[in-house]
Structure formats: C-alpha cells, structure tokens
Amino acid sequence: METRNSSLSATNLAVYHHLNCDLYLHNVYHKHTQPTTPDNVAHPEAQLLVDSQYQRGINWEATLYSWLDESNLLLKVPPMPLEAAVLYENILADDRSHFFIAGVTFDPPRASLRDRFEQAGTVPINFGVGKPDLIEITRDHQGITWKVIDAKASKSIKTSHHAQIYFYTLCLEYLLQYPAFKPSGEGGIWLPPDEGFNVVPPSISDIKSIEIPLLSRSLDSFLFERLPRLLSLPRDSVRWHFNPLCQGCKYNPECRSLAIESGRLGSMPNISISDAKTLQELLDLTEQGFPDFTRSSSDIEDLHQVVTNSEALSLLEQHFPIVAKKGKRILGVRRKALSDRQSAVTSSVLESARSGEIKVISRRNFTCPTNEDVAILISLIQDPATPRPQIEFFTVSLFDSLASEGQAYSGKGSRFIMVLATIIRELTSGDDARTAQFYVWSPAEQALLQTHLIRQALVGEVDREDIRLCIGALSQGASLLQTAFQPVLLSGALLAFLAKGKRLKAEYQACLARMELSTDGTVPELRARVEQALERLQGIGPQASRDSHEFGQLPRIVSVKKEIESMIALPIAGYWDLQECAKVLLGAGFNKPETEITDEKIFKTFKKDSDGVLEEILSLRNSTIYAILNAARRVVKHYGQNLLVNEGKKIMTEFMDVCRQDHLRKLFFMQQFEVLSKLNELWTTRMEGSPDAPVLQYRGSTSGVRGIEHTFTIVSGVVDVPASDKDISFFDKLLVEDLNSDTEIPLEAMFDDLAVSGLVIPLNRWTKPSWELQHPRVKGNVLLADLRNVQSLNGKLVVSLRTWGTATRQVLVPGRHYRLSPRFIDFNTTKVLSSLFEMDLRWENKEDQEFGDSGGEGIHDHRGVPFLQLVMEPRSFGRVPKAKESLTIEENTQRVFRNLKKLDVEPAGSLLLKPSQHRATQRLLANRLAVIWGPPGTGKTHTIALSILRLLEAQWKLDDRGQNIIFLTAMTHAAIDACQSKLERLIDCYRSIDFLELDWLDNIRIERVMRGNDHPPPARGSEATHIYAGTLYQLYNFSKRHNIQVDCVIADEAGQIALASLSLVLRSLSPTGRIIIAGDSEQLAPIFTGSYPRLKTAALFGSVLDCVMFSQGDGPVVRSVSQTDSQENTASSSQGTIIQLTENFRLNPDLGEFVATIYSHQFKPQKVQSRKLALRLQGIADMSGKSRDFGVNSHILAKMETFLLGLSDVMLRKPQSVLKAPRFRTNVPLAELDRETESQTISDPTHQPVSLSLIQLKTWSSSAEQFGYETHVHGEAAIAAALVAALRFCAPEDDIFVATPHRVQREAVKSALGRLKRPEKTLEETLEDVTIEEENYLDKVTVDTIERLQGSEASFVICLFSLPEVHSADLGFLLGRRRLNVAISRAKTLCILVTSSQVLCPPVSVFANEETAKGYAFLKAYEDRAWSCDVSVDVGGL
Ligand code: SF4
C-alpha cells in the first residue's frame, strides 16, 4: 500500500474532516499527480485570497505569542524535531509553574503507532512531522502536566481542529512518558475574542477545551481502522463526490472532468454530500424493489430512469415517502401536463446535466420580482485577514428603468449605513415613490447585510434614525411588525398616559415626540393632539392598518444566485459562482480578462489598487449581476409560463423605535428581531413547500364533546401533540392539501401569520375581520388546526384534530393527503414591548421631575426605575429600612425552631433553615435585591417560601402593616404550582405547632391567578398580605387591569425567564419594592430564535439570572460557601448579591456527586438511599411468577424485571451477572453527610446505594429492513412502560417521572402506559391491603417533556435519550447539557437513563458544537458512574 516516502500530516487529517472525501486522503498519501490542463495551472490571484485567509491565522498566532511573551507565559524552543529528554530539560530549566511552549516539533512515535495498527488488525501507515502551535505546561508538586493547544482564527470550533489536536495528543502521549510528564486529559483550541483580537487582548478563558477521551472513541476507529483500509483500496474504488466543498481542493480539475465523463452525481451543480447520499439511497431502494431496474455506469442516467418511470416513482413515494420527497426536491422533479389525461415526470436538473443545456425548472417563483423601477445592487467586501471580519468596502449601484446608465455609491464600511439611509430617503421621498428592489449576489452577502444591521442596532454607534430607516427597508417583515404592534402598543400606552389625569407640558411633548407628531402648542392643544392620536389608533386597529400586505413574502434583499438556482438548471458540474454563471447565461463575452469579476480578482484590487479602481470593478460586478438577473427573467419568460408571480414594490421603511433609553431600546429591538427571526424561519420553509411537514391522509370525521374531530393517518413525518389541555385550543397549525402540483404557490406561503397571531380561535365577530384580510386562496383552502390526540391503531399512527376556517367548499376529502405545518402564535410580544415602552416613558419623565436635564454627579443612569436598576446597577438596590431589627427577629425565629427540633417537635424540622439557606434568608430580609442560586435539589423553592414567611413575620412584629402585595412567578405552571404548594405546606407546619403566635400568618392570602383579566383585585382598604401566583403574562394582565402596585416580586426558575419578559411584572413594582430571584444557570435557558451579540456591559440578551450573574458592569459577587451564620450578619451589609445554596435534599450522595461534576462546588448530601429500596425491588421477582397480564410486551417486561433485580442485587452486595459495573465508583466521604440526617444507614455493610443506572437500547425489526425514528420511539416507549409496570408493582407508593426530550416520545409513552393493566389482586393481597385506599393505577406517574419537569422531583426518573442506529439528526438537541442535567437531577432515589450507541458513541463532528460537547461529557460522566445493561427490542414485533 505504501508509496515511497508517503505520509499524512495532521493538517491532511484536518482537511479530510473538512472535505469529508476519502479520495483526497488517498491522493495525498499515494502522491497522486493529476494531468496538467489549462484549468489547473496555479492562479496568482487565487493565491492572494487564500494567503489572506491564512494571514488571519498567522496574525492571530503572532498576537497570541506576543501577548504570552508580555505576560511572561511563553517559552520558545527551536523548530526542529525534539527529543522528549531535551524538552524535559527545557522545562526543568524554566522555574515558572505555568507557561506555554511554542515551536515544538516532533517525529511521530512510529513503533507505538505500528502496535496500535497491529492491534486493530490493519496495515500501518506513516505520519509526517507534528507541529502543535502550543503546549501548555502546568507544574505542581505532583509533576509536569501538559496539554496541546492549537491557535485557530475561526469564529467557532470545527471538527477539523479536533482531529488535529487529537492526533498531536495521541503522539505526544507516547513521546512524553509518565511519570516525568502527565497528560492533562484535555486538548484545547485557542480562538480569538469575539470583539476582534485587535480590540481585546487574548484571554486564557478563550481556550475551548475538550476532554481527549471524548474524541478517542471515533477518532481511534478512524485512524487505526478506517484510514488504513481506505488507503489500501485501489484508487477507483475510493469514495468521492464532486460538490461545492471541492472549491478548495487541489484535485478539483481532475475530479470535475471525471464527474462529467462518468455521469456521476457531481456532474450536476450544488449537490451536497448529504444530498448525494439521499440520491444514492433512492437508487439503492429502486434496485432492491424493482428487479427490472439495472444500474448502469452513470448515476445521471440511472436517476433519469427512476424519475421518468411513474410507476416506480409512485411506489417509492408510497413506501419510502421521506427519501422520495427529498430526492424529488433535490432534482427539481416536476409533473408536466401532456394532455388532459396524461402527464410526464421530468427533472430539469437531470435534463440539463444530460444535455449540457440551460433548462428552466418549472416552479412558480414569488421571491424574485418580475420587474421594478429601480434595482439596487449591493456588493460588499470583507477582508478575511482582519481580526474581526466586517464590511471593509461597499458599492451600491442603482439601475433605473428610465435611465440608460446606472449610478454608483461607494465607500469604506463605516459609511455604509449612512449612505444606504441617504439612498433610501431619496427613493422614498415624494408622493409617487417608485418601485424598488435590493439585490445582492449570494446568500452569504444577504446574511452579512442582515447581521451588520442587527449588530449596528444592538451595539453600533451609527445614527439612530439612519439605522431605523435601514432596518425598516431591509429587514424582512419589519413593516408588518410596525403595523401589527404600533397601533396596539401606542394606543395602550396612550390610554395609560391619559388615565393619569393632569400632565406636565414636557410629558405631553415627550409623548407626542414618540409618535412623530408636532410638539408645538399650549397644554390643552397638546392634550387634544394626544387624544386625537389615540382615537385614530383605536379606530384603525392592527388589521386595517395592514394595507402594506406583503403577498408571498417578497424578500427585502433578494439573493440573485439563490433565485437562479431555484429557477434555472445550469449545465455546470459541482458548483458555480458569478463568473461561471455569467459565462453560461450571458455568453462568451464574459470569458474575457477585462470582464473577469472573480472574488480573487476583486480581492486583489481591494488589496493593491485605489478606491477608484475598486469602485470600478465592484460597479462592473453589480452590473453583471443585474444583467444575469434580467437574462434569467428572459429565459423564464421564454419558457412560456408565468413563473415569476410578484412585481417589485415601493420601499417601506417603517420600523418601531420608540424607546429612548439605550438598554430599553436594545431590548425593544431584540424583541422585534425575535418575531422577525421566527417569521423568517417559517417563511423560508413555506417557500419550499414545507418539505419537512408531516403528511397526513384524511380518514373521516366524528362529532365529539368539543365539536367535530377529524381523523387522519400519518403518511410521513412526526406529529407532536400538546402536553395538556392548557396547550390545546391554540390552533397552532396550518392544514393544507399536499398537492402534487408543481406550479402553484404553496398555500402556507400566502398565509399572513401576524394578522391572527394574537387572536383566540375560533374567531368571533370582532376578530373575524382580521381573517378577512387574508388572501382569497388562504380563506378558501387553508384550515387552522388544533391537535387533539395521536394514538396507535392497528399499527398505524392516527391523528385527531379540530379545524377552523372559512372555506365554503369541502376542503377535506377522504383518502387525500394534507400537510400540517406550524403557524406563528404570539400573545405576548405586544405586552413585553408595551412594558418596555412604559418604563422608557417613566425613565424619561423622571429626568424632568427628579433629576433635571443636566444629569451630573450622583445621578444614576437608571433613574430609579427598578427594571433598569436590575439591568444596569443591581447593587444600587441597597438595604431596606430596619434591616438590623428584621435580622434580629429572624435570628430568634431560627433559634426557636432549632430548640423545638431538639425537643423532637416534628414540624420544626421543616421550618428550620439549613446554614446556606439561612444566609440566603438573611440576605433577602436585609436587602431589596436577593439572588438565590442553587443546583438541583438544594431547596431553592423551599428557601424562597420559608424566607417569605420569615420576612412577613418580621414585618408584622416591626409593626410594618398595611396592604402588602407580592407577585410570585416563573415560566412554567409546574414551577409556580410547586412554589405555591410549598408555601401552603409550610403554613400548615406553622399551624400544627400549638404554642406559636400566628396573628401574622392569619393575615396572609395566597391566590393563583389563572386569568389575569378576570381575577378579582384585593379588597379596597384591605390590610392583608396578598400573594398572587401566576405566569408573567397573567400577572401582567392582572396588574394592568387593576392598576396594582406591588411590594415584592419573586421570580423562581429565573434561568428560564428572558430578561425582557421580567419587565412584565417589574413594571408594577413600587420604587422601594423588593426583588427575589432564584434559579440555576446550569438548567434550561430561555429559547431565542435569533442570535444576538454578547454585550460587555450588560448581559441583555439572555435570562434574568444571566443578567444578574454575568453582567460585568456591576459585578455582583457570589458569596463564599464557607461563611458561617455569624459571619453573615456582617457580610449582609456588604455588596454581595448572590447566595449559593449548598445542602442537597433531593439527591443521594452518588447522584449528587455526579451532578456536581458540572458545578464548581460539591453538595452536602442530606439523605442517603435506604436499604428498603433494594428489598422492595426484590419484590419484582413475584411479577412473572403470578402469570398476570400487565398490558405490556412480556419479553420486554421480563428484561426489565431482570434489570431491576440486578440493581437490587448490587444494592444488597449480592453477586449478579446482569449488569456491567461502573468504570468509576463514587466515593463520597462520609464526613460530607449531615450527621443529623439518615447517617445511621450509611455504614450498613450489607447495602450499597445505587442511584445511577443505564439501559443501552438497540432497536431492530423482524418485519422491515428499514424503519424510522417514529418506530424506534415505540420500542423506547415499551421499555418505559415495562419499567413503570415493574416499579408500580414493587414500590406503589413512590412517584415516577418519565422524562422525554421530544413530545413525540411523550405521546408514545402515554399511549404505551394507556395499555397498561392494573394486575388483579390475589385474595391474599386483597385481604392484606384492606386499609389502603384505591387510587388510579397511574396517579403517581408523570410523563412529560423535560422543560415541563423543571422544578419538580420524583423517587424514580426514567429518562428517554435514545436514537435508532442510523439517525443522528437530533444529537445536538439530545446532548444539550442543561437538558440532561434537568432530566437526571429530578431523581430522588434512582435514575434510569435509556440511551443507545448512537448517542453514547456519536460522530466526532458533534463536538464542534461546544454545548453538545459539554452535554456529551456529562453523559459520559453518567455512563462511567452507572450500572448498565444492553437491551434489544424487536420493534417489528410490538
Ligand atoms: S476535488 Fe473534491 S472529490 Fe476530488 S479529491 Fe478533492 S474533495 Fe475529493
């Protein structure tokens, strides 16, 4: 196999992981030389651009080395192959304990690597010299620890980086021998800071580390097994596919010619590697299913055979709908009418590749206008070498249909927004503004432009008006937001404004200025103007103002390249760009050097020539793009059908920017960008005809309790059902017929979401006019759907749903197929915007009333507005009056309960605070702001509830009486319920102790606010303490409706609450009110659709908890966990805001120790697993003996019984052979346990607590070769049902959670549990159990998504995290660390994780995502500590 002197370098391995091409490595290793052709002669300009890309890396390395040098952290060694002994001497000669070595070069350890190849049974291969950028050395008393670090100038981690550091580490582990050298177990990639390495110096915290063992599973099997095998293949058997990634590969010309000659998939343009896999699968399936079909040597001809054979295609669609649908989409397969009765199927993409001609893809296009008065072409230049890539230079060209010559405006990137705003102003001035459309060439430029706009709005320092204008004109949907939100928002704000009675002149002026109305006149005139504005806004309403309806969502910025790709098939192999497209579409004239406009040539001009020359070439680029656009329009027109359905429109520039305060303005923008991002996501898929939407076949309708329900069977895709009745009735889906029509605009694309996004369905006579504004085709054909149920009937998944719509004809026809896709629902954005706006008005008024215009020393920027105080200066909340006295009272209460506990008064234990909880309570009592941070099970909710009671007691005893209103909120109903019931239980505990004085307790009223608008307000003159518990939105409605001012806001699970959303309740907080925040930053975070920059000054675009924990401006301090109570009294006057809870009440020591792997502190466990559990699990042995029907597959039940009995044996320290022992045994020192708790059980020699267990599930099918995720989920659900049946049998009094990442899993488990049967009791058991009340068999079993379980706990938790073997699309989601943490840490006694090899051994590419890598490390840590077994399930037999 070895060619003379052949070898591979780490860089070759990295490039391989980028290209994903075996032929590349084969060529490199065997020194393949391709024949010289005119195409593969080196191009000096191409080299300049490549050099510039490298240059950024070189600049970053240079910056890093010089920073390390200045920081006295660098040791340079000569760049020549170094012996380990020499390196050791170098390190010994250096007395620093921490430094980085640059320049290390080594020869790979050939003998050791050879052994590895031999162990794997493969032929050894050679590797070249290794040159890691840095080796980090840490020296302590135990020796020298090393870690490979590579400096990479990219924005994020890539798989190729991991491949490279893994290879270096592997080699160095052999070269730097133990005990002198110790590997750290990690490798690192040092990325430049986000802000740019010219702005912010490098930081060690920017090193992205990864545990080497995480990489070893997949990279070892690649290096020692797959790699030698692929290198020993004959060249023509090696896997390759010519695709867009090949642009950077030196073998490009040869592969291009070969792809064309042999009719490979790569002879078509833009077929990605995953597209190619789908097409190959389509061919394989056809070959398996149709004996007549024989493969030729040309993939193109084979595919042609498949798509033109209607019978084969229909059968493929029927049996393999997902592959068939994807394949048709890739090939642009269309049905062409031949006559009334006949049609033929064609693929323009295939036809173009076969004939070498341009072909039109007969698909209606509504994203490219058919014409416009003025086309605005934008070309942008970025320099890949700069520390922070940004727009360096721009040229905007205007092509007016009435003028013969275009106009061009150019300049440096910093002037871009200003120039663009000027152009927009000119184009929109005058009453008869003409139609205009913005264009760029590529989707990458389109994304760059959008990112630039968002960044400038959120962090830039450009003119406010300019940026607002540019966002209004260029952000997709911006004007729709304006018309949707402004009338509601402003009319609400104006009502509140006018309701307050007499106002100052300045206030009227501020209000009018926001609405861009005149601020001149006397006070009565100003007031009248405000009233008129209100009348106008109330009159028009959101729907009537929607005269700027964007039919078909014509993009604000059209990417010409993307449009050409969707309209026209070009006969170009692999990929094409502007130059190639111009040559084909515009003719040979574009083959001359003077018309060359490649990226390389433009970049050379940018680097070497004047701005004038650059403007010239960019103007040429813009006019070429314009010419291509017009040529494409002509080609499509010539085709005969009117495929371009939209015309250019007038530019609209509306976008709301009514806040003046900087932070509020940014949050206001971000809230709107969130809506835009969600809409854009929907629009993008709808334009493609919702390819991933599940397809349902209509069966019939029945009349149910809630009206008519329609029944469908699922043909393809996954249908998720709402969790509970609370979620039903949103009608959050669109149902449209899935027609085979190829020329119709998808109906969903015509649906206007915003018109009905905040309305309750069914619409009534007041809301129906909003629906009337929808397009006639939408009104006549689209149904809004409300999913009711998904269940398995006779092996088929059946969906039932209700619908609402206005079609006059029968839309649903039995047997026909329908698509079900999401619509945008939003009841809350207006509320959040309104709160932000209201606070902005308050902030501005405060300037006039209290602070004057001049500002000055001692004036806070937040002007005492609580929400702003929290964001900008949390420390400014300060102490409360009488703090010292409150603390003394509270100390007494704590003492009383401590004494009562010693006297064995049972409820006193619950009312006594543990040390860290007590510190939190004292913090809360003495300060206006308290942040309680606690890992799972540390009793955050308990601490909040008890602290509130201590606070109320202290207030009462200090005679601080009168009406007191407290808002208690969280993101989920489960968390709110948990907090409310904790409060109620603690009150019961107080009441159960006879001799306590409880007048203060009688004064407390707790109410759950389910519907804020209808909830009664506190009685007038009431002097009670009212605690209102509800969601942010219901509390907002409630406080707004009754104009309530609140004394204290408590936000639990605040890691889930987006910062802007908290404004909904903080708007009603009194200026002296308290804020209590509790949460855990390692649990689930708020979900954002858009991505937002990290601001250095305030963590605005994250959760409430992130804001108070990570904002750098104020720097709140996490309190030391070792402080004692007595220290607390003094410490509470300091500025520390955050208290960490450290005692753990939920988790056993081993579960706690595992969860603590992601927290910086160990927990102090307060409980240990009881030996009783093991004995109860033994009871499972009786299950099978009694031959009862449990309603679950008996084979699976038997396997689960064996598994649980195995666990019991382990707990009882009996020998067993079912379970694999953990690799890592937890050894929590007994001293960690609180001796006051169940410590007597821990020294039991006959008991070994086990809390972590794992089932590795493998699903297979005895009835089908292939099966999808949905089928796998049923196997997983059967395992869960069997576990539930077994646990209910042996531990009926314990509660069980089944935690599912996906709703579809939850539904499968629910339907499996629905089939469970409560076993008949024997006479003996019935007699024994006479005292036990009958309860619903599954009362104590909760099945839900992880998001909904956050904040609650159960004895047994079954976590379902498995995937079928060939399915990896979901890995990123499943491996989210916070999700895994929340799921596992719900368990009080035992966690059973059901997973699979696909999740436990993922491909190395998943580690490129930092969050996924962290999640996988967490999962590995679990696997290493869990008792496990393998289970296989035949899903075909279920
Ligand atoms: S050009 Fe593409 S297909 Fe050819 S070797 Fe390079 S990466 Fe592989």
Side-chain angles (χ1 to χ4, degrees), residues 1 3 6-43 46-47 49-50 53-54 125 128 154 158-164 222-223 226-281 283 297-300 303 330 349 353 570-577 579-580 598-600 1403-1405 1408:
M1 173 183 66
T3 309
S6 56
S7 73
L8 291 177
S9 69
T11 311
N12 295 143
L13 296 176
V15 173
Y16 165 80
H17 278 92
H18 170 69
L19 296 174
N20 193 5
C21 174
D22 291 357
L23 184 61
Y24 164 79
L25 275 187
H26 197 279
N27 282 348
V28 172
Y29 195 69
H30 296 292
K31 301 188 180 305
H32 174 73
T33 47
Q34 53 185 339
T36 311
T37 66
D39 278 348
N40 60 11
V41 176
H43 232 284
Q47 200 48 43
L49 187 56
V50 172
Q53 278 149 1
Y54 281 124
I125 53 173
S154 50
K158 294 181 182 153
T159 307
S160 52
H161 303 157
H162 283 151
Q164 213 165 343
F222 167 71
L223 284 171
R226 219 170 83 67
L227 181 60
R229 287 195 185 113
L230 87 86
L231 293 181
S232 40
L233 289 172
R235 189 164 178 272
D236 53 9
S237 309
V238 177
R239 181 186 67 101
W240 65 281
H241 165 60
F242 191 62
N243 71 93
L245 287 176
C246 297
Q247 278 181 83
C249 177
K250 63 180 176 180
Y251 303 107
N252 184 320
E254 190 186 4
C255 291
R256 178 190 296 273
S257 328
L258 253 174
I260 298 169
E261 269 167 34
S262 48
R264 294 179 71 109
L265 298 176
S267 58
M268 297 179 283
N270 302 322
I271 306 289
S272 69
I273 292 173
S274 80
D275 286 349
K277 267 191 197 154
T278 304
L279 296 178
Q280 286 296 357
E281 202 180 336
L283 289 172
S297 59
S298 161
D299 296 333
I300 296 289
L303 281 172
I330 297 163
V349 178
L570 296 177
I572 303 175
Y575 55 90
W576 49 262
D577 210 341
Q579 188 71 22
E580 296 81 17
T598 57
D599 288 350
E600 291 80 9
V1404 69
S1405 54

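Positions are given from 1 along the sequence. All ligand and atom numbering here is 1-based and tracks the order in the structure.
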Can you sort out the partners of Phe222 under ring-ring contact (aromatic ring centres under 6.0 Å, His included), two or more places apart, ordered by chain and number?
->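 Testing Phe222 for ring-ring contact (aromatic ring centres under 6.0 Å, His included), a comparison that skips the adjacent residues, returns Tyr16, His17.
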Can a non-hydrogen atom of Glu254 be found less than 4.0 Å from any atom of ligand 1?
-> no
Taking the side chain as everything from C-beta on, heavy atoms only, tell me whether [X] gets closer than 4.5 Å to [Y].
X: Ile273; Y: Leu245; value: yes
X: Tyr251; Y: Trp240; value: no
X: Leu231; Y: His30; value: yes
X: Asn27; Y: Val238; value: no

Sorted by first residue and then second, give each salt bridge (charged side-chain N to carboxylate O under 4.0 Å, His left out) pair with at least one member in residues 259-280; sequence neighbours left out.
-> none
Return the set of residues passing side-chain contact (heavy atoms from CB on, under 4.5 Å) with Glu580 (not counting sequence neighbours), or none when no residue passes.
-> Ile572, Trp576, Asp577
Report, as a single number, the protein N, O or S atoms less than 2.8 Å from atom 6 (Fe) of ligand 1.
->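 Atoms of protein N, O or S type lying less than 2.8 Å from atom 6 (Fe) of ligand 1 total 1.
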What atoms in ligand 1 come closer than 4.0 Å to a heavy atom of His241?
-> 3 (S)
